[in-house]
Number of protein chains: 4
Amino acid sequence: MKTLSPRGEQIVDEAIELLSSGGLPALTTKNLAKAVGVSEPALYRHFKNKMDILTAILNRQEKNMPRLFERMAAQYESPLDQIQNVYARIFHNFSRTPAMAAVVFTEEIFRQESTLSEQMNRIINTVEDRILSLLKSEEGRRECRTDIPPRDLAQMMMGSSRLLVTRWRLGNYAFDLEKEGAQLWKSLRTILAPNLSSGTKR
Amino acid sequence: MKTLSPRGEQIVDEAIELLSSGGLPALTTKNLAKAVGVSEPALYRHFKNKMDILTAILNRQEKNMPRLFERMAAQYESPLDQIQNVYARIFHNFSRTPAMAAVVFTEEIFRQESTLSEQMNRIINTVEDRILSLLKSEEGRRECRTDIPPRDLAQMMMGSSRLLVTRWRLGNYAFDLEKEGAQLWKSLRTILAPNLSSGTKR
Amino acid sequence: MKTLSPRGEQIVDEAIELLSSGGLPALTTKNLAKAVGVSEPALYRHFKNKMDILTAILNRQEKNMPRLFERMAAQYESPLDQIQNVYARIFHNFSRTPAMAAVVFTEEIFRQESTLSEQMNRIINTVEDRILSLLKSEEGRRECRTDIPPRDLAQMMMGSSRLLVTRWRLGNYAFDLEKEGAQLWKSLRTILAPNLSSGTKR
Amino acid sequence: MKTLSPRGEQIVDEAIELLSSGGLPALTTKNLAKAVGVSEPALYRHFKNKMDILTAILNRQEKNMPRLFERMAAQYESPLDQIQNVYARIFHNFSRTPAMAAVVFTEEIFRQESTLSEQMNRIINTVEDRILSLLKSEEGRRECRTDIPPRDLAQMMMGSSRLLVTRWRLGNYAFDLEKEGAQLWKSLRTILAPNLSSGTKR
DNA sequence: TATGAATGAGCGTTCATTCAT
DNA sequence: TATGAATGAACGCTCATTCAT
């Protein structure tokens, strides 16, 4: 979680790029060194070993997600708007740098070491916590139907968004992620809307 | 898609087991041969190379999913019941043999070769097609709300179910997948239910 | 301690040769493979890793020393003759294949792994035990002075013989090890002889 | 042979410590720099390269041995007492700082470069020369039996003493070196004593 | 159908050393 | 006097795959 030198940041950048383009098998020290433009041993001045680099990638993501939520909290009043725009932002970022997409929603990459698995799990849980606290807030309870456990609602938002990104990647980024994401979230918002009738009925 | 010898099937079984326990890095010819109980060259009697084995794994999955849908079609009248029970069945199977879970919902594993990626994509699309045709059927349109594009509904069902499995794996299979899956689908069914009020209102 | 394939034996042979000519730093897998005339990975078909090869070298020595003592026991009646001829034999063998000398009397090589250290220690102790039991035998007590603890006598025989070999190696095998060894043992025998005068005097 | 800066001396100290604890493989520039508490390049301010450091270690030893002999010459009249106390002193020093023991009597460490080998050989020869001149002195010829070539006697003293140290190291410094050394030299002195009978006989 | 032996390519990593600052 | 950053060379070892038997 410590702060990295500029070279260290660059190494993480290129590592993400490699993971994105060829998955874990492409992230060899040789490839990485070449991408960074240094010799292989140079990597070891900045990271203890390869797993240290993978950890740094997850650390970066772990820092980014809360930051994103806070940014949206500053911009939007409505909890659901906040969540929706977090994902809009994610889709936007992925569209511009597909590399990150391959890493962020791709747990399998980090399966090999249990500490990485745990960190991945922690990131997912953190996001869920953010969503849950928004849903459970007073304002959230006004905006969002309450007949469904928030946990399941969060699962639907996160799950469908993630699957969208997965299919975007599998399909070689052929469709417009931002547009499809917006459409998906339009549907999600409709579904999440409180069932007015139940209150108004009669 | 050709049919395999018993040895071939056994090799695929063990390959899935290895993928499950240690991800792709664990699926080495050495590990696989030892797991099967033969020498490494013996593997090459049954498969041209390693990718051929990965393909066989996906082939098996590609055959299983439609079979599962048909089985449920024979058992249940309601389209939504059919879909729900497909996933109930999947959760059940995964609970008993977690190995398969690691493979089926894990696209990253097959990223390295584009032909595998495509096959993976095809499997997802096939499942989506099944769900869509059920949702669009006459009976489906009665059971399920029609104010949301079916594609988005399918994305939610598939996405949330997949994320549930992902988290189950990341959390070392700590929670009861079948029970949590049932709960998730209870919520999904509530959400999918047609908004009766809109029809009844006035 | 298991028996090796012919290739395995050949690898041990060449490993000893390398150790002899350049010490441990010369015993790289690359050098060894080249010396054997195979590729590096081929070594790993016969040994688990490099330390396994070092262990095999010591195993060979551990088997040889007792064998040597028994061979001499069959040839000579006198205990001291047996010991002396064990060393004569060792000097003879080293003269013909100096490689082994570098290894057998060179504990430092095996310092890096404590299990190797222990094995080395065990070999030395085994030799000492053999010598001690010969000295303490009835015939031994007749042949050899008893006013000195046998342990110290053994230390002198072993120590002076080993130092002779060490200096032979350090001096680039410049002198005749067999001849110098014979001279040393002539002196040792004189020293070991029971002080007849004390018994016979007057 | 030049004199070293304080930092240089400290580097040699730590190098000996490293050699002692892990043998030559442990004496890396990285380990050494860390032990000294400086960066790796700093080592090169004080020594041309790694071999230069090894040379400095041997230089220190080469200076120490004659000094030790002279110190004992000042303290003891009897030649044999002088030799015996040189070794007593060595055993004493080793007991307190086992590190040095690993280096002083361990020729193998310096095998890799022939110049180091030669220096090691020179040190041994110097010690032998000291011993020989003491044995051959008038007083020495009175104290020590003359029926054995002095060279062989020296070999026995040096060899058995060295082997004692070797076994002490191999056995993880488990026994009391000073005590065992005293016992060994008691026996050596008995053995070296002139055979009075031969003079008295007849 | 199976295997023991082998290999070229590549892996992550450490080595002693240099250079600019 | 010291260091942060870097490197060419080499390390031990594993990979998927082939071949003779």
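Since the model is a prediction, treat every value here as computed from it, not as a measurement.
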Report task. Assess whether salt bridge (charged side-chain N to carboxylate O under 4.0 Å, His left out) is satisfied between B/Arg7 and B/Asp13, documenting all intermediate values. Result -> CA-CA 10 Å; B/Arg7 244 303 133 75; B/Asp13 287 343; over 6 Å; no
Query raised in the report: Step by step, would you call C/Lys34 with C/Glu40 a salt bridge (charged side-chain N to carboxylate O under 4.0 Å, His left out)?
Result: CA-CA 8 Å; C/Lys34 196 194 298 176; C/Glu40 291 189 53; over 6 Å; no
Report summary line: Per nearest nucleotide of DNA chain E, the residue lying toward the 5' end, A/Pro25 or B/Leu43, is B/Leu43
Requested in this report: Specify the residue among C/Ala42 and B/Pro41 whose closest nucleotide of DNA chain E lies further upstream toward the 5′ end.
Outcome: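 Going by which nucleotide is closer to the 5' end, it is B/Pro41.
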Query raised in the report: If each of C/Met51 and A/Arg7 is mapped to the nucleotide of DNA chain F with the nearest heavy atom, which maps nearer the 5' terminus, i.e. the 5' end?
Result: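 Checking each residue's closest nucleotide, the 5'-ward one belongs to A/Arg7.
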Query raised in the report: Mapping B/Glu40 and A/Val38 to their closest nucleotides on DNA chain F, which lands nearer the 5' end?
Result: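 Here A/Val38 is the residue nearer the 5' end.
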Query raised in the report: How long is the span from the CD atom in D/Glu17 to the CG atom in D/Asn31, to the nearest 0.5 Å?
Result: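 So the gap between those two atoms works out to 12.5 Å.
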Of the listed nucleotides ([options]), which one gets closest to any side-chain atom of [X]?
X: D/Thr29; options: F/dT3, F/dC15, E/dA16; result: E/dA16
X: B/Ser39; options: F/dT17, F/dG12, E/dT3; result: E/dT3
X: B/Thr28; options: F/dC15, E/dA16, F/dC11; result: F/dC15
X: D/Lys50; options: E/dG12, F/dG12, E/dA16; result: E/dA16

Requested in this report: Show your working on side-chain contact (heavy atoms from CB on, under 4.5 Å) between B/Ser5 and B/His46 and close with a plain yes or no.
Outcome: CA-CA 8 Å; B/Ser5 67; B/His46 303 276; 3.3 Å; yes
Report summary line: Encoded 5' to 3' (Watson-Crick or G-U under 3.5 Å; [ ] crossing; | other strand), DNA chain F becomes .||||||||||||||||||||
[X] [atom1] to [N] [atom2], straight-line distance once rounded to whole Å:
X: D/Arg45; N: E/dT18; atom1: CZ; atom2: P; value: 12 Å
X: A/Leu24; N: E/dC11; atom1: CG; atom2: C1'; value: 13 Å
X: B/Lys30; N: E/dA6; atom1: NZ; atom2: C1'; value: 14 Å
X: B/Asn31; N: F/dC15; atom1: CG; atom2: P; value: 7 Å
X: D/Phe47; N: F/dA2; atom1: CZ; atom2: P; value: 12 Å
X: A/Leu32; N: E/dG10; atom1: CG; atom2: P; value: 17 Å
X: B/His46; N: F/dA16; atom1: NE2; atom2: P; value: 18 Å
X: A/Tyr44; N: E/dA16; atom1: OH; atom2: C1'; value: 18 Å

Do you know the tightest heavy-atom contact between [X] and [Y]?
X: A/Leu32; Y: A/Ile11; value: CD1-O, 3.7 Å
X: A/Thr28; Y: A/Lys50; value: CA-NZ, 4.5 Å
X: B/Ile123; Y: B/Leu58; value: CD1-O, 3.7 Å

Query raised in the report: Just checking B/Leu27: base, sugar-phosphate only, or nothing, at a heavy-atom cut-off of under 4.0 Å?
Result: sugar-phosphate
